[in-house]
Colleague: 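Handing you a structure now.
What you are looking at is a predicted structure, and each value in this text was computed from that prediction instead of being measured. Reminder, nothing fancy here: chain letters follow the sequence lines and each chain counts from 1.
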2 protein chains.
Amino acid sequence: MDFSGAQSVDRALGLLALVGRHAGRGVGLSTLVEESGLNKPTARRLLLALMRAGFVEQDEATRRYYLGAESYVLGSLAAPRYGLLQFAMDSVVRLSRQTQDSAFVSVRRDLVSVCLHREEGTYPVRTHALQTGFEHPLGCGAGSLAILAALPDAEIETVLEANAPVLAASYPLYPPERIRADVAATRARGYALNPGLIVANSWGVGVAIRDRFGRAIGALSIAAIDTRLHPPRQAEIGALLAAEATRVEQKLAQRQSVYFTPVPETPRKSA
Amino acid sequence: MDFSGAQSVDRALGLLALVGRHAGRGVGLSTLVEESGLNKPTARRLLLALMRAGFVEQDEATRRYYLGAESYVLGSLAAPRYGLLQFAMDSVVRLSRQTQDSAFVSVRRDLVSVCLHREEGTYPVRTHALQTGFEHPLGCGAGSLAILAALPDAEIETVLEANAPVLAASYPLYPPERIRADVAATRARGYALNPGLIVANSWGVGVAIRDRFGRAIGALSIAAIDTRLHPPRQAEIGALLAAEATRVEQKLAQRQSVYFTPVPETPRKSA
DNA sequence: ATGTCGTGATCCATATTGTGGACCCTTATG
DNA sequence: CATAAGGGTCCACAATATGGATCACGACAT
């Protein structure tokens, strides 16, 4: 038993994450096969295991795969430690109401940022470039860039290096130098701007959310078509985002201190 | 490739669920070995895989295992489908304030009920029989019994049969006939009562939460020492719980209909 | 100091376990 | 009614996980 081992577990967990990224819409087997790089029998076998454990469910009629109840239970149990969504929800709703555009919370997950929630705007022309579950390398997209820019310089370099292959392969508009420049601009401005680099005409403004120790753990952002994000409105929205980010940070700090209250070990029953 | 297969995945997912049941407190390796029935090298190897994927984290200093960020992300992505906690949170807080006792939301997970959140009461003498992450077979404990009693009779029998081994092994005070009687009493009364059967002197009152289709998916409950749960107060609390359960059900019904709005398939980037 | 118990982590020969190319079935499509 | 696209499955092959034994560390107790 050296370092690695348990390869089927790695693959299964990768699949599970993949199903999660499609939550809400559901995924077909062939999409999963394609995105995971596994082959059909293997993917299916692992999905059966995930279903046995309740982490994934399959719609009998459409045969599409969705996250299962156990995934939800697990996340709820992890919430005291990482509960960004529950504290950011109010802010996202408020932002979307105030701006009439779609608002988002994203969370940092290692080298990428994942969109946890999208609150639909009321303005009739909307961009659907970002949806719940979508992920982008840190630095690509408004929220994602806001998170990156809030990291220490050394960490930024580590992240960019680790992301280099993905960036080169799938984000042609994002060479590392461009991201470094964006980081500088973000810091100078106070908010991150994505001028339609992922989907043309779909612009975004984002601000980072930090934990009690000052580490960037996520971001709030707003997306709209380019004509609705001219510089003066950018700055306005940037200020709104910053104010809401502060509120979220306060709630987080409060709950985190509760969480770190020592809890005595207790006997338990297990199934 | 017949029906089963992917056994290491089954074990890994079992371990993951187990770590979740200890979330907040963290678990040591030996506890996991004991509770999972695996042996040390295997458990460790699987935990390494879970850590590689970010579902589990290990505290460098204490070597205890906790749920990781990916678990949280996954749960947040599953929330639109199963979001009980986010809709019940308000009610639980209110219940705990009103009664001064500890209040809980539990969710049904197949044959058991899992406590998703405990809101501490203010009354100085408190029972700690139920904590976040603990699970009991359906029928054992106030919330758990409330859920069971809300199921169709046929399903109750199926559940009791499937749970028979666990009940016999770990719940000596809960023979199936006793549970059947409790179900009848619960239905007659309108709320479930646990008269200290899991931990002596720790009583509980619970009411089920149903989804839009009338299926019991979880429960709200209150726990206190026996002297604080004499019959008149039981009934009072039962009414409070029923009122809050209705509120949660309304929020759920609303959000569920939003969820089922068709969403067009969209191209995505994946890491 | 030093013995010993509890816990965490790891080695490595064994055989059980997963792998994936080829194939079948069902449902949409022209 | 042909054809394709997607979902699901078989089975010979070999790579993979398994777990008893062992080591490493820290916390007491002597």
Colleague: Have a look at the helix from C:dA1-D:dT30 to C:dG30-D:dC1 and give the angle its two end axes make, five pairs each, rounded to 10 degrees.
Modeller: 40°
Colleague: When the nearest nucleotide of DNA chain C is assigned to A:N39 and to B:L29 on a heavy-atom basis, which residue is associated with the more 5' position?
Modeller: B:L29
Colleague: Anything under 3.5 Å between a protein N or O and an N or O of nucleotides 22-25 of chain C, put it in a table, one pair a line.
Modeller:
none

Colleague: Are A:R21 and A:F134 in a cation-pi contact, defined as NZ or CZ under 6.0 Å from the six-membered ring centre and within 45° of the axis?
Modeller: no
Colleague: What's the CG-P distance between B:L46 and C:dA9, to the nearest Å?
Modeller: 14 Å
Colleague: So what does B:Q58 touch, heavy atoms closer than 4.0 Å: a base, only the sugar-phosphate, or nothing?
Modeller: sugar-phosphate
Colleague: Which whole-number value in Å describes the distance from A:D10 CG to C:dG18 P?
Modeller: 14 Å
Colleague: Find the distance A:Q7:CD to D:dA14:P and express it as a whole number of Å.
Modeller: 17 Å
Colleague: Do A:L29 and A:R63 come close enough that some side-chain heavy atom pair is under 4.5 Å?
Modeller: no
Colleague: Between atom CZ in B:R45 and atom P in C:dT16, what is the gap in whole Å?
Modeller: 16 Å
Colleague: Just the rounded figure in Å: distance from C1' of C:dT27 to CD of A:E60.
Modeller: 16 Å
Colleague: Quick check on DNA chain C: between B:G28 and A:S8, whose nearest nucleotide comes earlier from the 5' end?
Modeller: B:G28
Colleague: So how far is it from B:I156 CD1 to B:E161 CD, rounded to the nearest 0.5 Å?
Modeller: 13.5 Å
Colleague: Give, for atom CZ of B:R64 and atom OG1 of B:T31, the distance between the pair rounded to the nearest 0.5 Å.
Modeller: 6.5 Å
Colleague: Compare all side-chain heavy atoms of B:L67 with those of A:L77 and state whether any distance is below 4.5 angstrom.
Modeller: yes
Colleague: Give the rounded distance in Å between these two atoms: CG of B:L50 and P of D:dA17.
Modeller: 13 Å
Colleague: Which residue lies toward the 5' end of DNA chain D, A:V9 or A:R44, if each is placed at its nearest nucleotide?
Modeller: A:R44
Colleague: Is the positively charged end of A:R81 above the ring of B:Y72, judged by distance under 6.0 angstrom from the centroid and angle within 45° of the axis?
Modeller: no
Colleague: For C:dT7 and B:Y65 - does any side-chain N or O of the residue sit under 4.0 Å from the phosphate oxygens OP1/OP2?
Modeller: no
Colleague: Closest approach to the side chain of B:S30, judged atom by atom: which nucleotide of C:dT7, D:dT16, C:dG20 is it?
Modeller: C:dT7
Colleague: Rounded to whole angstrom units, what separation is found between the CG atom of B:L38 and the P atom of D:dT18?
Modeller: 8 Å
Colleague: Quick check: does any side chain N or O of A:Y174 sit under 3.5 Å from a backbone N or O of A:G141, one acting as donor and the other as acceptor?
Modeller: yes
Colleague: Any side-chain donor paired with an acceptor under 3.5 Å for B:Y65 and B:H22?
Modeller: no
Colleague: Within a reach of under 6.0 Å around CD of B:E34, are more than 12 heavy atoms found that belong to other residues, nucleotides or ligands?
Modeller: no
Colleague: For B:R11 and C:dT16, give me the distance from atom CZ to atom C1', rounded to whole Å.
Modeller: 10 Å
